[in-house]
Participant: 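Before anything else, here's the structure in question.
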Amino acid sequence: MKLPNYPPTPPAAIKYKPTSVLSTIRSNKNYKMYFHHHHHQQSEPWRYFPAARVTADPLERVARLAAEKAVVVFSLSTCCMCHAVKRLFCGMGVNPTVYELDQDPRGKEMERALMRLLGNSPAVPVVFIGGKLVGAMDNVMASHINGSLVPLLKEAGALWL
C-alpha cells in the first residue's frame with residue numbers, strides 16, 4: 001500500500017498570490033448578497049474607521065484589524081494548526097499580531113466572517129501580510145516552501161534580513 005505524499009508539496013508552477021481583503025470580500029458571492037441586502041444606498045462599501053470606533057460588521061472589523069499591522073493571524077488558542085503557524089513566524093524572526101477569536105467577545109462573529117471570506121477552508125488560522133489575505137495554513141506553508149513567503153514579509157516590513 002502506497003501512502004500519500006504528506007505533507008503535500010505544491011507544484012513549483014503554482015504561486016500563491018496574496019489578495020487584498022477588500023477585493024476578496026467584494027468578489028465573495030455571499031458577501032455581495034449580504035452587502036446588497038444590508039447597505040442599500042451606500043456607493044462605496046468600505047471606509048476608513050479610526051481605531052477607537054467600534055465596527056458593527058465583522059468583515060469590516062477583520063479588514064481593519066488585518067490592515068493595522070504587518071503580519072496578522074486570526075487564531076483559536078486551542079488550535080494546533082494555529083499554534084504551528086505562529087511558531088513558523090516566530091522561528092523566522094517575525095512577531096505576528098495574533099487575535100485569539102475564542103478570547104474575543106465578538107470572536108464567533110469574526111470566525112463566521114473569516115469562513116465566508118475563505119469559502120470552504122477552515123476559519124482559522126487565517127494570515128494577512130501587509131493587509132493582504134494570504135490564506136489558511138495550506139497557503140502559508142505552500143508560500144514558505146516555494147520561497148514566496150520571505151519576500152512578502154520583507155515587503156510588509158515584518159522581516160529585515
Side-chain angles (χ1 to χ4, degrees), residues 15-90 92 94-144 148-159:
K15 293 283 186 188
Y16 288 98
K17 209 174 156 189
T19 57
S20 116
V21 178
L22 300 179
S23 67
T24 305
I25 290 171
R26 286 178 178 160
S27 67
N28 184 312
K29 182 176 118 185
N30 292 334
Y31 181 73
K32 282 182 180 177
M33 291 187 309
Y34 168 83
F35 184 80
H36 179 71
H37 177 71
H38 288 87
H39 302 276
H40 301 288
Q41 300 296 324
Q42 193 174 355
S43 62
E44 179 60 36
W46 295 97
R47 297 184 310 262
Y48 171 76
F49 292 105
R53 181 173 172 166
V54 176
T55 307
D57 184 33
L59 281 173
E60 289 179 5
R61 184 166 187 233
V62 166
R64 181 180 51 81
L65 293 173
E68 287 178 352
K69 302 289 182 177
V71 178
V72 175
V73 177
F74 289 94
S75 170
L76 292 174
S77 59
T78 57
C79 170
C80 63
M81 297 305 273
C82 298
H83 178 74
V85 80
K86 290 181 273 189
R87 294 288 301 162
L88 170 69
F89 285 124
C90 290
M92 297 173 74
V94 173
N95 188 20
T97 299
V98 178
Y99 293 101
E100 300 290 356
L101 299 177
D102 55 337
Q103 297 173 4
D104 186 309
R106 292 183 290 164
K108 278 288 182 201
E109 296 170 2
M110 290 180 15
E111 189 175 352
R112 284 191 294 273
L114 289 166
M115 285 174 63
R116 286 195 320 257
L117 187 64
L118 293 176
N120 290 334
S121 291
V124 292
V126 179
V127 176
F128 293 84
I129 299 176
K132 295 180 179 176
L133 174 65
V134 174
M137 183 68 165
D138 55 347
N139 288 1
V140 173
M141 289 308 295
S143 297
H144 182 54
S148 63
L149 184 60
V150 169
L152 283 176
L153 293 169
K154 286 182 180 178
E155 185 182 319
L159 194 61

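In this chain, numbering begins with 1 at the start of the sequence shown. Computed from a predicted model, the values in this text were never measured in an experiment.
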Participant: Going from NZ on Lys132 to CG on Leu152, what distance comes out if it is rounded to the nearest 0.5 angstrom?
Facilitator: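 Separation between the atoms: 8.0 Å.
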
Participant: Any side-chain heavy-atom pair from Leu133 and Asn139 closer than 4.5 angstrom?
Facilitator: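 Leu133 does not reach Asn139 side chain to side chain.
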
Participant: Taking all heavy atoms of Ala158 and all of Val71, pick out the closest pair and write down the distance.
Facilitator: CB-CG2, 3.5 Å

Participant: Quick check for you: to the nearest 0.5 Å, what is the distance between Leu59 atom CG and Arg116 atom CZ?
Facilitator: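 One gets 4.5 Å once the value is rounded to the nearest 0.5 Å.
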
Participant: Are Val62 and Tyr99 packed together at the side-chain level, in the sense that at least one heavy-atom pair is separated by less than 4.5 angstrom?
Facilitator: no

Participant: With Lys108, which residues qualify under salt bridge (charged side-chain N to carboxylate O under 4.0 Å, His left out), at least two apart?
Facilitator: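 Testing Lys108 for salt bridge (charged side-chain N to carboxylate O under 4.0 Å, His left out), a comparison that skips the adjacent residues, returns Glu111.
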
Participant: Which heavy-atom pair separates Met137 from Ala84 by the least distance, and what is that distance?
Facilitator: CE-CB, 3.6 Å

Participant: What I'd like to find out is whether the side chain of Glu109 reaches to under 4.5 Å of the side chain of Arg61, using heavy atoms alone.
Facilitator: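 With C-beta onward as the side chain, the pair stays apart.
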
Participant: Between Arg87 and His83, is there a side-chain heavy-atom distance shorter than 4.5 Å?
Facilitator: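 His83 vs Arg87: side chains touch.
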
Participant: Less than 4.5 Å apart, any side-chain heavy atom of Glu155 and any of Ile129?
Facilitator: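 No, their side chains stay 4.5 Å or more apart.
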
Participant: Phe89 versus Leu153: any side-chain heavy-atom pair under 4.5 Å?
Facilitator: yes

Participant: Compile the donor-acceptor pairs under 3.5 Å between side chains in residues 72-81 and protein atoms, sequence neighbours left out, one pair per line.
Facilitator:
residue, atom, partner, partner atom, Å
Ser75, OG, Lys86, NZ, 3.3
Ser75, OG, Glu100, OE1, 3.0
Ser77, OG, Asp102, OD1, 3.4
Ser77, OG, Asp102, OD2, 2.5

Participant: In terms of side-chain geometry, is the basic nitrogen of Arg64 or Glu68 positioned less than 4.0 Å from the acidic oxygen of its partner?
Facilitator: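 Yes, this pair counts.
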
Participant: Give me the atom names and distance for the closest heavy-atom approach of Val85 to Pro125.
Facilitator: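 Of all heavy-atom pairs spanning Val85 and Pro125, the closest is CG1-CB, 3.7 Å.
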
Participant: Under the side-chain hydrogen bond (donor to acceptor under 3.5 Å, both in side chains) rule, collect the residues that match up with Asn95, sequence neighbours excluded.
Facilitator: none

